Amino acid sequence: MADAADAGSGATDGRLRVILLGPPNSGKGTQGAALCRRLGIPAISTGDMLREEVKAGSPLGRKVDGIMASGGLVDDDTIDQVVRGRLGRVPDDGGFLLDGYPRTLAQARTLEEILGTLGDRDGNNRGVDVVLLMQVPDEELVRRGLGRKREDDREEVIRERLRVYRENTEPLIGYYSERGLLREIDGSRPISEVTSQMLAALGVAGVLG
Ligand code: AMP
């Protein structure tokens, strides 16, 4: 399953490997959940995993709490450990949807390396099939962020997250585009339309009921 055109045949059997890329408040969580239900794959969200650590008051949680609250990025080594553990539990040829990871070029390279060590029992290493890029205008992102009730979603933090995305995560657009994996999605459309666009980009027929 090397590209999105092939994705349709195996798309609903839990094998598709997807990265959801997009700025904060572009709807990755909502769309990721819908896609995962439809495709039968687990969502892997580094943000959710870190928030659980914070809630549990673990050493990792205490380390990342302040960084997350300020809108900055947790360091690559820490993220690497979190993701390695989770991806290690993915079956050899299993699919997944990554939400909020990778966020830096270093993380993208590490992901390739991690996937190279997974699923190679029969010499069949499998990387990512598709990267879906959600595009939403900045002012709409800020408006959506302010509409949320989360304490860390004050306007200055929202704008800081956006700045960090532009600086650290946007370079991934070129990285995955060069590899022929990128599909652009207009994330400013209503939720069900965005989901349909994504399924089309994945080569999956039909819309959500
Ligand atoms: P999210 O829910 O994906 O917006 O993540 C919330 C916060 O967790 C981010 O603002 C970062 O502080 C941290 N975080 C989540 N994923 C990553 C990642 N891949 N790299 C660095 N920091 C991350």
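What you see is a predicted model, and the numbers here were worked out from it, not measured in a lab. Atoms considered below: every heavy atom in the structure, side chains included; atoms not considered: hydrogens, waters and symmetry mates.
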Output yes when a side-chain donor or acceptor of [X] lies under 3.5 Å from a complementary backbone atom of [Y], and no otherwise.
X: T46; Y: G100; value: yes
X: R183; Y: M198; value: no
X: R17; Y: G94; value: yes
X: K28; Y: L21; value: no

Practice task
Decide side-chain contact (heavy atoms from CB on, under 4.5 Å) for V18 and L98; before the verdict, give the C-alpha distance in whole Å, the side-chain angles of both, and the deciding distance to 0.1 Å.
Solution key: CA-CA 6 Å; V18 184; L98 297 174; over 6 Å; no

Closest heavy-atom pair and its distance - [X], [Y]:
X: Y101; Y: I19; value: O-CG2, 3.9 Å
X: L97; Y: C36; value: CB-SG, 3.6 Å
X: D186; Y: Q197; value: N-OE1, 2.8 Å
X: L20; Y: M134; value: CD2-SD, 4.2 Å
X: P24; Y: L141; value: O-CD2, 3.4 Å
X: P102; Y: A108; value: CB-N, 3.6 Å

Exercise for the section: Would you kindly check if the NZ (Lys) or CZ (Arg) of R179 is within the cone defined by 45 degrees around the ring axis of Y175 and under 6.0 Å from the six-membered ring centre? Expected result: yes

Below 4.0 angstrom, N of the basic side chain to O of the carboxylate: do [X] and [Y] qualify?
X: E140; Y: R144; value: yes
X: E160; Y: R163; value: yes
X: E139; Y: R143; value: no

Does one hydrophobic cluster hold both [X] and [Y], with members joined at side-chain heavy-atom distances below 4.5 Å?
X: I41; Y: V204; result: yes
X: I185; Y: I191; result: no
X: I44; Y: V131; result: yes
X: V142; Y: V164; result: no

Exercise for the section: Could you give me the CA-CA distance, side-chain angles and deciding distance for L87 and L111, then say whether side-chain contact (heavy atoms from CB on, under 4.5 Å) is met? Expected result: CA-CA 9 Å; L87 283 178; L111 174 63; 3.6 Å; yes

Practice task
Count the heavy atoms belonging to other residues, nucleotides or ligands that lie under 6.0 Å from CD1 of I67, then report whether that count exceeds 12.
Solution key: yes

Handout entry: Whether over 12 other heavy atoms sit under 6.0 Å from Q135 CD
Key = yes

Exercise for the section: Could you please spell out the steps behind the side-chain contact (heavy atoms from CB on, under 4.5 Å) verdict for I79 and L50? Expected result: CA-CA 9 Å; I79 296 294; L50 294 173; 3.9 Å; yes

Between [atom1] of [X] and [atom2] of [Y], what distance do you get to the nearest 0.5 Å?
X: L162; Y: E170; atom1: CG; atom2: CD; result: 8.5 Å
X: T110; Y: L105; atom1: OG1; atom2: CG; result: 10.5 Å
X: Q107; Y: D77; atom1: CD; atom2: CG; result: 10.0 Å
X: S45; Y: D99; atom1: OG; atom2: CG; result: 4.5 Å
X: R38; Y: L202; atom1: CZ; atom2: CG; result: 10.0 Å
X: Y176; Y: L182; atom1: OH; atom2: CG; result: 10.0 Å

Please examine the side chains of [Y] and [X], heavy atoms only from C-beta on, and report whether any two atoms are closer than 4.5 Å.
X: R15; Y: D93; answer: yes
X: D75; Y: K63; answer: yes
X: P42; Y: R86; answer: yes

Assess the side chains of [X] and [Y]: does a donor N or O sit below 3.5 Å from an acceptor N or O?
X: Q31; Y: T195; result: yes
X: S58; Y: E53; result: yes
X: D76; Y: T104; result: yes

Problem - salt bridge (Lys or Arg N to Asp or Glu O under 4.0 Å) assessment of R51 paired with D48 - result: CA-CA 5 Å; R51 273 185 290 276; D48 283 352; 2.9 Å; yes

